[in-house]
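Here the structure is a predicted model, which means the values were calculated and not measured.
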Amino acid sequence: MIEPGIVRVDKPAGPTSHDVVAAARRAFGERRIGHTGTLDPFATGLLLVCVGREATRLSPLLTVLPKRYHAVARLGEETTTDDRTGEVTMRAARDQLDPSHVSEVLRAMIGEIMQTPPAFSAKKVEGRRAYKAARAGVDVSLEPVRVTIHEIVVDRVELPDVEFEVECSSGTYVRAIARDLGRALGVGGHLRSLRRIAIGSHSVDGAVSVDALGDADAVRAAWMSPLDAVRHLPVVDADEAAVARILHGMSIEAPGHATGAQVAVASGERLIAIGEVLGDSILPKKVLA
C-alpha cells in the first residue's frame, strides 16, 4: 500500500481536475484521493493531489492557500464563459487603447475586492451548479464575493492581449479578472490562457505529468509527506508523552503561540495532528497518526 502523501501534478489542457484524480487512483491503486483546488479543463498547471486518508484530511488546509497564475487576457471580446471556450457575445474596437493605461487599470485591482463569479462556474444557485443552469439557457445571476488580489505583475501588453501573473486568494476567478479588466476599459475581455504556477509555497516546477504517474521515480521527485505539505503552519515537535496525549484526544502544553492559531504537531518527520492553540495549550483538532 502506498504511503499517504501529496503529489504535485502538472495538469495539461483538456482533462478535468477529476480526470487527474481518476488517473492517480488507477496509477496508485488507492481510492482515497482528492485534490485541493479545481482547474478548468482549458487551464494547465499545478494540482496538489492528496493520496490516502491521512493526506485527504489535510485538503482543507491546502485549498485555502493563495494561488499564483500566469494568464493571458484578450481585450475587445466578451464570451459566455469569460474564457476562450465560450461563444463571443460582444466585440468592440480596441485600437484606441493605451498599453500603459491598460497596465494601470489591471494593477488597480490589487487588494480586497468584490468579484462576481462567472455564470459558468461551480457556484451553486438554488442548489444547482451555476454552469449547469447556464448551459440549460437559464439567466444566471451570482452575488459578488469578497476576494483578495495579493499581487499583479504585468509581463507584456501587446494588444489585444495582456500577459500577466497574479497571486490571489482561494476562490478568486482569473476569468473574472480578465472580464472586469475589459469592462473597465470599455471594450470587454476574456481569458485566453491560464496556468497555475504555485499554491502557497508549492511550485509547479518539478511536478509530475499525468502521463508519468506510473513512473515511480518521477512521482517520488514530486512527492511531499503530510508534514512537508503543511509547513506553512508552525510546527510543534512533540515528545513521546505528548504524542500519547494527542493520540488520546488530550491537549498538550506548548506556550509561545497565538491563541486561535493552527499548528502542526509532529514527532520527528511524522505529522501527528493538526491542533488549535488555546492559551498555553494545544487542542488536537485532526489526529492523523
Please answer whether the main-chain N or O of Glu77 pairs with a side-chain N or O of Arg91 as donor and acceptor at a distance below 3.5 Å. no
Is there a donor-acceptor pair under 3.5 Å between the side chain of Thr172 and the backbone N or O of Val147? no
Separation of Tyr69 OH from Leu46 CG (nearest 0.5 Å): 9.5 Å
With sequence neighbours excluded, tell me which residues meet salt bridge (charged side-chain N to carboxylate O under 4.0 Å, His left out) with Arg183. Glu78
Rounded distance [0.5 Å steps], OG1 in Thr36 versus CG in Leu58: 10.5 Å
Under 3.5 Å, side chain of Lys286 to main-chain N/O of Arg57, donor-acceptor pair present? yes
May I ask you to check whether over 12 heavy atoms, not counting those of Arg156, lie within 6.0 Å of atom CZ? yes
If you compare all heavy atoms of Ala55 against all heavy atoms of Pro4, which two are closest, and at what distance to 0.1 Å? N-CB, 4.3 Å
Val204 and Arg195: which non-hydrogen atoms are nearest, and at how many Å? CG2-NH2, 3.7 Å
Hydrophobic cluster membership, with links at side-chain heavy-atom distances under 4.5 Å among I/L/V/M/F/W/Y: are Met109 and Leu185 in one? yes
Is there a side-chain contact between Val157 and Leu106 in this structure, where contact means two heavy atoms from C-beta onward sitting under 4.5 Å apart? no
Test of understanding: clusters of I, L, V, M, F, W, Y form through side-chain heavy atoms closer than 4.5 Å, transitively. Do Ile149 and Val102 belong to the same one? yes
Between Thr79 and Arg84, is there a side-chain heavy-atom distance shorter than 4.5 Å? no
Which distance, rounded to the nearest 0.5 Å, do you find between the CZ of Arg31 and the CZ of Arg25? 5.0 Å
Residues passing the salt bridge (charged side-chain N to carboxylate O under 4.0 Å, His left out) test with Glu253, sequence neighbours excluded, are none
Going hydrophobic residue to hydrophobic residue with side-chain gaps under 4.5 angstrom, can you get from Val51 over to Ile199? no
Using the rule that two of Ile, Leu, Val, Met, Phe, Trp, Tyr join whenever any of their side-chain heavy atoms come within less than 4.5 Å, decide whether Ile177 and Ile197 are in one cluster. no
Atom pair CD/CZ of Glu151 and Arg107 - distance to nearest 0.5 Å: 11.0 Å
Checking the side chain of Thr63 only, and the main-chain atoms of Gly37 only, is there a donor and an acceptor separated by less than 3.5 Å? no
Distance col, row Ser201:OG vs Arg68:CZ, nearest 0.5 angstrom, shows 13.5 Å
Quick check: does any side chain N or O of Thr81 sit under 3.5 Å from a backbone N or O of Gly86, one acting as donor and the other as acceptor? yes
Sorted by chain and number, sequence neighbours left out, salt bridge (charged side-chain N to carboxylate O under 4.0 Å, His left out) with Arg220 holds for Asp217
Applying side-chain contact (heavy atoms from CB on, under 4.5 Å) to Pro41 and not counting sequence neighbours gives Thr16
Hey, are the side chains of Asp82 and Tyr173 touching, using non-hydrogen atoms and a 4.5 Å cut-off? no
Given Met224, which of Val230, Val7, Ile6 fulfils the side-chain contact (heavy atoms from CB on, under 4.5 Å) condition? Ile6
ILVMFWY clustering at 4.5 Å (side-chain atoms), partners of Ile272: Val236, Val243, Ile246, Leu247, Ile252, Val263, Val265, Val277, Ile282, Val287
Please confirm whether the backbone N or O of Leu65 pairs with a side-chain atom of Lys67, one donor and one acceptor, at under 3.5 Å? yes
Between His202 and Leu48, is any pair of side-chain heavy atoms under 4.5 Å apart? yes
Locate the shortest heavy-atom distance separating His70 from Asp155; write the atom from each residue and the value. CD2-OD2, 3.8 Å
Charged N to carboxylate O below 4.0 Å: is that the case for Arg270 and Glu54? yes
Heavy-atom closest pair (Ala93 atom, Val187 atom, distance to 0.1 Å) is O-CG1, 3.3 Å
Is it the case that the side chain of Thr80 and the backbone of Glu87 share a donor-acceptor pair, with hydrogens and angles ignored and the cut-off at 3.5 Å? yes
Does any part of the side chain of Leu159, heavy atoms only, come nearer than 4.5 Å to the side chain of Leu75, both counted from C-beta? yes
Is there a side-chain contact between Cys50 and Leu62 in this structure, where contact means two heavy atoms from C-beta onward sitting under 4.5 Å apart? yes
Side chain of Arg94, backbone of Gly188: donor and acceptor closer than 3.5 Å? no
Testing the basics here: between Asp19 and Pro15, what is the closest heavy-atom pair and its distance to 0.1 Å? OD2-CA, 3.5 Å
Considering residues, nucleotides and ligands other than His18, do more than 12 of their heavy atoms fall under 6.0 Å from its NE2? no
Starting at CG of Asp10, measure out to CG of Leu47 and round the result to the nearest 0.5 Å. 9.0 Å
With a 4.5 Å limit on heavy-atom distance, are the side chains of Arg74 and Asp161 in contact? yes
Looking at residues at least two apart in the chain, or sitting in another chain, which of them share a salt bridge (charged side-chain N to carboxylate O under 4.0 Å, His left out) with Arg196? none
Report yes if the side chains of Pro144 and Thr116 come closer than 4.5 Å at any heavy-atom pair, otherwise no. yes
Could you state whether Ile113 and Phe164 fall into the same hydrophobic cluster, counting links through intermediate Ile, Leu, Val, Met, Phe, Trp or Tyr residues with side-chain heavy atoms under 4.5 angstrom apart? yes
Is the shortest side-chain N to carboxylate O distance from Arg245 to Asp239 below 4.0 Å? no
Please determine if Glu269 and Arg231 form a salt bridge, counting it only when a charged side-chain N lies under 4.0 Å from a carboxylate O. yes
Considering all heavy atoms, the nearest Arg53-Arg32 contact: CB-NH1, 3.8 Å
